[in-house]
Amino acid sequence: MAQSDILYPENPKRRQEVNRLHQQLLDCLSDSFDVTNKLTEVLNTHLGCRLAFIEMKRDGTIKENCDIIIQAIMKIQKELQKVDEALKDKLEPTLYRKLQDIKERETEKIAIVQKVISVILGEATSAASAVAVKLVGSNITTGIINKLVTVLAQIGASLLGSIGVAVLGLGIDMIVRAILGAVEKTQLQAAIKSYEKHLVEFKSASEKYNHAITEVTNLVKHQMK
């Protein structure tokens, strides 16, 4: 037993809690990689984009992996901005405004985009129109995706950012040492609070991101039937 454990008998339990929270953070990170690749596949297949798929850097830090996702999302947003600008250019102003109207029916929006999608992409498919409507004519890019980027940037800039993602292969004491670095083990409670704070926001943003992109893929499948 470590000397600090005699002075702070709750430390062994706190070590296990830090380990558990670290795993939850990595699970959210892994999910964000998967969902971003799912979105990339949809854009490449239906909007003619040439976006690269991303992989978790297993020997990297949490910050490095957050940055990989952020950079991929920024490239996705740039492609969606191109589609948005093309729609604005090709559609009459009244029709373009309908795409931005949350009260307008989705089927009507898809019909509007269908009028000009062939000019933009060189071919017209209902699936492409559905993707454009879901990702350009909705709050996904402006709300949900931006929120995820903000949370990832905050995690990367926090104490957690410098932690390696591969520390789970180590023993609990080694994990804690890798996580806390020069911070005394008496600071375990502070580390737990830091994880908990960021996890609440990350889980919420990650789940909304996953749900939103799943909606897109489900709509595409429906249009292709």
Side-chain angles (χ1 to χ4, degrees), residues 25-60 62-88 90 99-100 106-107 109-153 155-156 165 202-225:
L25 184 72
L26 294 190
D27 288 345
C28 283
L29 203 58
S30 179
D31 286 346
S32 294
F33 270 90
D34 291 342
V35 175
T36 301
N37 281 332
K38 189 187 297 184
L39 176 55
T40 295
E41 184 175 9
V42 167
L43 295 177
N44 288 349
T45 302
H46 300 288
L47 293 188
C49 300
R50 295 182 178 179
L51 296 162
F53 293 101
I54 56 176
E55 291 184 12
M56 182 179 282
K57 190 177 181 181
R58 297 290 175 180
D59 59 346
I62 287 176
K63 182 183 187 307
E64 286 174 326
N65 281 282
C66 286
D67 287 345
I68 290 172
I69 299 173
I70 290 172
Q71 288 165 14
I73 289 176
M74 288 176 67
K75 290 176 182 177
I76 286 170
Q77 289 177 313
K78 189 175 291 185
E79 292 297 321
L80 294 177
Q81 182 63 33
K82 290 178 184 177
V83 175
D84 186 33
E85 289 172 356
L87 288 171
K88 190 174 183 178
K90 302 299 180 185
L99 290 183
Q100 313 302 316
E106 203 165 71
T107 52
K109 290 183 178 182
I110 291 173
I112 290 171
V113 173
Q114 193 74 10
K115 297 174 186 295
V116 296
I117 198 71
S118 61
V119 178
I120 297 171
L121 301 180
E123 60 178 343
T125 67
S126 57
S129 299
V131 172
V133 166
K134 269 293 186 184
L135 294 173
V136 178
S138 74
N139 73 333
I140 292 178
T141 52
T142 57
I144 294 172
I145 291 180
N146 285 345
K147 178 61 178 178
L148 180 68
V149 168
T150 299
V151 172
L152 286 169
I155 291 172
V165 300
F202 193 12
K203 278 184 176 180
S204 175
S206 180
E207 286 171 3
K208 288 177 181 177
Y209 180 49
N210 195 343
H211 178 72
I213 303 311
T214 299
E215 274 193 6
V216 175
T217 57
N218 287 342
L219 181 61
V220 168
K221 290 175 183 177
H222 178 72
Q223 293 295 323
M224 293 180 70
K225 285 182 180 179

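Residues take their numbers from the sequence shown, with the count starting at 1.
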From Cys49 SG over to Lys78 NZ, what is the distance, rounded to the nearest 0.5 angstrom? 12.5 Å

Using side-chain heavy atoms (C-beta onward) and a distance below 4.5 Å, is Asp84 in contact with Gln100? yes

For the student: nearest non-hydrogen atoms of Ala212 and Ile144, plus distance: CB-CD1, 3.8 Å

How close do Cys28 and Lys203 get, counting heavy atoms only, and between which atoms? SG-CG, 3.6 Å

Using side-chain heavy atoms (C-beta onward) and a distance below 4.5 Å, is Leu39 in contact with Leu135? yes

Is it the case that Gln77 and Gln81 place a side-chain donor and acceptor less than 3.5 Å from each other? no

Could you grab the distance from atom CD1 of Ile73 to atom CD1 of Ile76, nearest 0.5 Å is fine? 6.5 Å

Check for a donor-acceptor pair, side chain of Thr150 on one end and backbone N or O of Asn146 on the other, with a separation under 3.5 Å. yes

Of all the heavy-atom pairs spanning Ser126 and Ile110, show the shortest one and how long it is. O-CG2, 4.4 Å

So, do Leu43 and Leu80 sit near enough that their side-chain heavy atoms are less than 4.5 Å apart? yes

Would you mind telling me which of Thr217, Asn218, Asn210 makes a side chain to side chain donor-acceptor pair (under 3.5 Å) with Thr214? Asn210

Nearest heavy-atom approach of Lys147 to Ala205 is CG-CB, 4.2 Å

Nearest 0.5 Å please: distance from the OG atom of Ser129 over to the NE2 atom of His46. 11.5 Å

In chain order, what residues pass the salt bridge (Lys or Arg N to Asp or Glu O under 4.0 Å) check against Glu215, with sequence neighbours excluded? Lys134

Would you check if Leu29 and Ile155 make a side-chain contact, meaning some heavy-atom pair closer than 4.5 Å? no

With a cut-off of 3.5 Å and sequence neighbours excluded, list every side-chain donor-acceptor pair involving residues 64-71.
from	atom 1	to	atom 2	distance (Å)
Glu64	OE1	Thr61	N	2.8
Asn65	OD1	Lys57	N	2.6
Asn65	ND2	Lys57	O	3.1
Asn65	ND2	Thr61	O	2.9
Asp67	OD2	Lys63	NZ	2.8

Taking all non-hydrogen atoms of both residues into account, name the closest pair between Asn44 and Arg50 and its distance. OD1-N, 3.5 Å

Under the side chain to side chain donor-acceptor pair (under 3.5 Å) definition, can you give me all pairs with a residue in residues 31-43, not counting sequence neighbours? Thr36-Tyr209

I'd like to check Leu99 versus Val136 (side-chain heavy atoms, cut-off strictly below 4.5 Å). Are they in contact? no

Would you check if Leu47 and Glu79 make a side-chain contact, meaning some heavy-atom pair closer than 4.5 Å? no

